[in-house]
J.: 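Sharing a structure below in structure tokens format, with a few things to ask.
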Amino acid sequence: GESVGLHLPTLSVQEGDNSIINCAYSNSASDYFIWYKQESGKGPQFIIDIRSNMDKRQGQRVTVLLNKTVKHLSLQIAATQPGDSAVYFCAENPPIDQNFVFGPGTRLSVLP
Amino acid sequence: DGGITQSPKYLFRKEGQNVTLSCEQNLNHDAMYWYRQDPGQGLRLIYYSQIVNDFQKGDIAEGYSVSREKKESFPLTVTSAQKNPTAFYLCASSPNRGQPQHFGDGTRLSIL
């Protein structure tokens, strides 16, 4: 399940299960969104992106869903593996400012 | 391989001292960025540069300075005016502003 840790929300899943990581964004005018994965001591890595004219986009083992009505973004990871353990955060791009705004992230812990 | 190189990986600062963090990219990107990452918070933008010899303040520029004399390089100086410099600093680049950013592996700055 999902719980609030000392610094970040943490999601613990069994290896092989599907993971769903959620993100609430702030600006209803944002038109572009990215999910990043950050492993401990490393920089963030791009996972998948989606534009506001889409509701869903699929990649390899990952799916991003966008609900503009409630300003919500989710990342689904299929058949979660130990290598998926990391912090995942979303970024939104307001159309005028063009500087991305980053969420605080969720820590995904994959249990053997 | 193309990428972003940050150095050093760990840096210690004494009271009253300025320190400079290095960031080099060989991706031929025009835009470069510096972010600060603190536990439980999203990335916060310190400075960004859209082109050589031009840079703009981000959300938390006080106590920091940058230069962009070459396309490949965007060093960040943490000055003695920054009273709470302990953090993980991330450099990023993108082809243009508003496009997905590639990140370096960060520099962790601590105070002696």
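Basis for what follows: all heavy atoms, side chains included, without hydrogens, waters or symmetry-related copies. Letters A, B, ... mirror the listed sequences (proteins, then strands); counts begin at 1.
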J.: Within this structure, what is the CZ-CZ distance for the pair B:R44 and A:F102, rounded to the nearest 0.5 Å?
T.: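 B:R44 CZ to A:F102 CZ: 13.5 Å, rounded to 0.5 Å.
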J.: Between A:Y36 and B:F103, does the ring centroid distance fall short of 6.0 Å?
T.: yes
J.: In terms of hydrophobic clustering (I, L, V, M, F, W, Y; side-chain heavy atoms under 4.5 Å; direct or indirect links), are B:V52 and B:L76 co-clustered?
T.: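 No, no single cluster joins them.
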J.: Do A:M54 and A:I47 belong to the same hydrophobic cluster, where Ile, Leu, Val, Met, Phe, Trp and Tyr are linked whenever their side-chain heavy atoms lie under 4.5 Å apart, directly or via other members?
T.: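 They do share one cluster, since a chain of ILVMFWY contacts under 4.5 Å joins A:M54 to A:I47.
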J.: Heavy-atom distance under 4.5 Å between the side chains of B:Y35 and A:P44, does that happen here?
T.: no
J.: Answer with side chain, backbone, both or neither: which region of B:L43 has an atom nearer than 4.5 Å to a non-hydrogen atom of chain A?
T.: both
J.: Let's test your reading of the structure: which of A:E39, A:Q45, A:Q98 forms the most heavy-atom pairs below 4.5 Å with chain B?
T.: A:Q98
J.: What part of A:N93 gets within 4.5 angstrom of chain B, counting heavy atoms only: side chain, backbone, both, or neither?
T.: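 For A:N93, the side chain is the part near chain B, not the backbone.
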J.: Is B:Y48 reachable from B:Y89 through a run of hydrophobic residues whose side-chain heavy atoms are each under 4.5 Å from the next?
T.: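 No, separate clusters.
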J.: Could you have a look at A:D49, A:V87, A:N99 and say which one has the most heavy-atom pairs with chain B under 4.5 angstrom?
T.: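 Among A:D49, A:V87, A:N99, the one with the most close pairs to chain B is A:N99.
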J.: Output yes when a side-chain donor or acceptor of B:D105 lies under 3.5 Å from a complementary backbone atom of A:K42, and no otherwise.
T.: no
J.: Do you know which of A:F89, A:F46, A:F100 has the most heavy-atom pairs under 4.5 Å to chain B?
T.: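 Maximum pair count with chain B is reached by A:F100.
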J.: Could you look at A:Q38 and say if it's the side chain, the backbone, both or neither that has a heavy atom under 4.5 Å from chain B?
T.: side chain
J.: Do B:I46 and B:L11 belong together in a cluster built from hydrophobic side chains that touch within less than 4.5 Å?
T.: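 Linked, B:I46 and B:L11 end up in one cluster.
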J.: Can you tell me if B:K9 uses its side chain to pair, donor with acceptor, with the backbone of A:G41 under 3.5 Å?
T.: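 Present.
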J.: Kindly check if the number of other-residue, nucleotide or ligand heavy atoms within 6.0 Å of CG (A:L111) is above 12?
T.: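 It does: A:L111 CG has more than 12 such atoms within range.
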J.: Write down the atom of A:P104, the atom of B:G40, and the distance for their closest heavy-atom approach.
T.: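 It is CB-O, 3.6 Å.
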J.: Assigning hydrophobic clusters by single linkage (Ile, Leu, Val, Met, Phe, Trp, Tyr; side-chain heavy-atom cutoff under 4.5 Å), is A:Y25 placed with A:I50?
T.: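 In one cluster: yes.
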J.: Checking B:Q37 against chain A: side chain, backbone, both or neither under 4.5 Å from a heavy atom?
T.: side chain
